[in-house]
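Below you'll find the structure, written out as structure tokens, and then a few comments.
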Amino acid sequence: MKIGIMSFAHMHAYSYANGLTRLPDVELVGIFDDDIDRGKEAAETYHTTHYSDQAGFLALDMDAVIICSENNRHKEMVMHAAKAKKHILCEKPIATNLADAQEMIQACKDHHVILQIAYPVRFSSPIQQLKEMIDNDELGEIIAFRTTNRGQNPGGWFIDEDQSGGGAVLDHTVHMVDIMRWYLNEEIAEVEAIVDSYFHEIDIDDAGLLTFEFANGVVASHDASWSRFTEYPSWGDATIEVIGTKQTVKVDAFQEHLRMFTNEKKSLEYVFWGNDMDFGLIQDFVNCVKEGREPSITGYDGLKSLEVSLAGYESSKLNKTVHL
């Protein structure tokens, strides 16, 4: 299978490219990036060809593309790739507004190409094991969720609202909303949130506390932030606590680690040894394309998690509950 990558603006492009190189039947045939220096460096790293012209890149003989651009460019690249009949794995969030997300989903349907959204947390072993426990009724009736997704401020275009569409709340809410929807198979009906910048002198939100109510009455809380400082032992976390009538279980997708002590500036570091979620995502996407099946994480999944995240901003701004 021949796959190309569109933009290395998002750091996940590197782990996705690494994943492609681990698959014996997959070839990374090219990289499009109109940041010439970044594109050339990535192409050299992965022993492929750099293209600065998007149309020329999409004219290549390839089956699929992975889009890792700035958030506000997702729509542009998805629309062009769909028209070129390339299957698509798009970095999250699907878009910066709901209208764009809907257009992207429709374009992929019209051109009969797969649109999968990059939510690698679904491929964490502890997250998957908890899903199995829920499906096997080991937790009983689900009453509530507590979730967190806290990390470090990525800087760059992530803190430019025109390019990102939102700060930490958009960046770190979509993942855990996707997991809760996946676990419960229900939609969120109400959102309340407090969103602001608490940890950095920036013009975009770096934290938010959100509460949700699902259509079936299940309640949830979520802490989204860029609250981890540089010397923190790990990048951050992605936790979910599921409270059921039989038992309560909490997992962290990044908790599988060893503690390493050194004399360096970061005296304690967590060395992750768990499964590679990004590789699991790439494997799943490749298999979807091979088998011509519906992706595990659809454009609709991306749309619904975006909708909840944007409702958090609206709730905070208006100081009221937002009904979906």
Side-chain angles (χ1 to χ4, degrees), residues 1-35 38-51 54 57-58 60 62-71 73-74 76-78 80-82 84 86-95 104 108 113-125 127 151 154 156-158 164 171-172 174-175 178 235-236 238 253-254 272 274-290 295-299 301-302 305:
M1 182 181 299
K2 296 179 179 180
I3 297 179
I5 295 181
M6 301 184 73
S7 181
F8 270 66
H10 198 294
M11 66 285 290
H12 285 171
Y14 297 90
S15 58
Y16 298 158
N18 289 335
L20 293 176
T21 64
R22 292 171 58 184
L23 296 172
D25 56 347
V26 172
E27 179 186 358
L28 177 56
V29 296
I31 291 168
F32 161 72
D33 203 323
D34 44 20
D35 181 320
R38 184 176 63 202
K40 285 184 175 179
E41 182 179 354
E44 183 177 343
T45 299
Y46 295 104
H47 309 290
T48 189
T49 304
H50 168 247
Y51 295 83
Q54 190 173 152
F57 169 80
L58 288 172
L60 290 174
M62 59 184 173
D63 303 284
V65 297
I66 301 173
I67 296 172
C68 293
S69 66
E70 300 86 350
N71 297 342
R73 298 191 66 189
H74 287 177
E76 161 208 334
M77 295 189 186
V78 165
H80 290 162
K86 314 301 183 189
H87 299 294
I88 301 160
L89 173 63
C90 181
E91 183 54 58
K92 62 80 190 170
I94 182 174
M104 293 157 67
C108 290
V113 297
I114 290 167
L115 173 61
Q116 180 160 346
I117 307 304
Y119 286 138
V121 177
R122 281 215 201 183
F123 300 93
S124 157
S125 290
I127 293 289
W157 63 263
F158 284 89
S164 66
D171 193 30
H172 281 180
V174 290
H175 282 296
D178 178 67
W235 167 86
F254 297 98
F272 186 72
N275 74 301
D276 186 338
M277 296 181 286
D278 288 355
F279 182 59
L281 172 72
I282 294 301
Q283 281 186 306
D284 183 74
F285 175 61
V286 168
N287 289 336
C288 283
V289 175
K290 280 182 179 178
S296 303
I297 309 161
T298 65
D301 291 324
S305 54

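Only heavy atoms go into these numbers, but all of them, side chains included; no hydrogens, no water, no symmetry mates. As the structure is a prediction and not an experimental result, all values here were calculated from the model.
Of the inter-residue distances, the one linking Leu58 atom CG with Met77 atom CE reads 9.5 Å to the nearest 0.5 angstrom. For the atom pair CD1 of Ile117 and CG of Leu89, the computed distance is 7.5 Å after rounding to the nearest 0.5 Å. Separation of atoms CD1 (Ile114) and OG1 (Thr298) is listed at 12.0 Å; rounding is to 0.5 Å. Here the CD1 atom belonging to Ile31 is positioned 10.5 Å from the CD1 atom belonging to Ile66, to the nearest 0.5 angstrom. To the nearest 0.5 Å, atom OH of residue Tyr14 and atom OH of residue Tyr46 are 7.5 Å apart. Remark: Phe57 CZ to Met6 CE distance equals 6.0 Å, nearest 0.5 Å.
The six-membered or imidazole ring of His87 lies away from that of Phe285, with a centre-to-centre distance of 6.0 Å or more.
A heavy-atom distance below 4.5 Å is not found between the side chains of Phe158 and Glu70. Looking at heavy atoms from C-beta onward, Glu91 lies in side-chain contact with Tyr16 at the 4.5 angstrom threshold. Here the side chains of Val65 and Ile3 are not in contact, with every heavy-atom distance at 4.5 Å or above. No side-chain heavy atom of Gln116 sits less than 4.5 Å from a side-chain heavy atom of Ile88.
Here His50 pairs with nothing under the side chain to side chain donor-acceptor pair (under 3.5 Å) rule; sequence neighbours left out.
What you find for Phe32 and Gln54 is that their closest heavy atoms are CE1-N, 3.4 Å. Here the shortest heavy-atom pairing between Leu60 and Lys86 reads O-NZ, 2.8 Å. For Thr48 against Gly30, the heavy-atom pair with the smallest separation is OG1-N, 3.2 Å. The minimum heavy-atom distance linking Gly19 with Ile282 is given by the pair C-CG2, 4.3 Å. What you find for Val78 and Cys90 is that their closest heavy atoms are CG2-SG, 4.1 Å. Considering every non-hydrogen atom in both Tyr119 and Leu281, the closest pair reads N-CD1, 4.2 Å.
Under a cut-off of 6.0 angstrom, the local environment of CD in Glu76 is crowded, with over 12 non-hydrogen atoms contributed by other residues, nucleotides or ligands.
For the pair Lys92 and Asp178, the salt-bridge criterion is not met [side-chain N within less than 4.0 Å of a carboxylate O]. The residues Lys40 and Asp35 are annotated as not salt-bridged, no charged nitrogen and carboxylate oxygen being separated by less than 4.0 angstrom. A salt bridge does not link Lys290 with Asp63: every distance from a Lys NZ or Arg NE/NH1/NH2 to an Asp or Glu carboxylate oxygen is 4.0 Å or more.
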Candidate pair Thr49 and Val29, rule side-chain contact (heavy atoms from CB on, under 4.5 Å), full reasoning: CA-CA 7 Å; Thr49 304; Val29 296; over 6 Å; no
Set out, in order, the CA-CA distance, both residues' side-chain angles and the distance that settles salt bridge (charged side-chain N to carboxylate O under 4.0 Å, His left out) for Lys2 and Asp25, then state yes or no. CA-CA 9 Å; Lys2 296 179 179 180; Asp25 56 347; over 6 Å; no
I'd like to know whether Asp284 forms a salt bridge (charged side-chain N to carboxylate O under 4.0 Å, His left out) with Arg122, so could you lay out the CA-CA distance, the side-chain angles of the two residues, the decisive distance to 0.1 Å, and finally the verdict. CA-CA 11 Å; Asp284 183 74; Arg122 281 215 201 183; over 6 Å; no
Kindly determine whether Arg73 and Asp34 satisfy side-chain contact (heavy atoms from CB on, under 4.5 Å), including the steps that lead there. CA-CA 12 Å; Arg73 298 191 66 189; Asp34 44 20; 3.0 Å; yes
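Under a 3.5 Å cut-off, the side chain of His74 and the backbone N or O of Pro93 do form a donor-acceptor pair. For Ser124 (side chain) and Val121 (main-chain N/O), no donor-acceptor pair under 3.5 Å exists by modelled atom type. Remark: the backbone N or O of Ser7 is not paired with any side-chain donor or acceptor of Ser69 at under 3.5 angstrom. Panel note: side chain Trp157, backbone Ala9; a donor-acceptor pair is recorded below 3.5 Å. Ser305 places a side-chain N or O within 3.5 Å of a backbone atom of Asp301 that can act as its donor or acceptor partner.
Counting only N and O atoms by type, the side chains of Asp33 and Tyr51 include no donor and acceptor under 3.5 Å apart.
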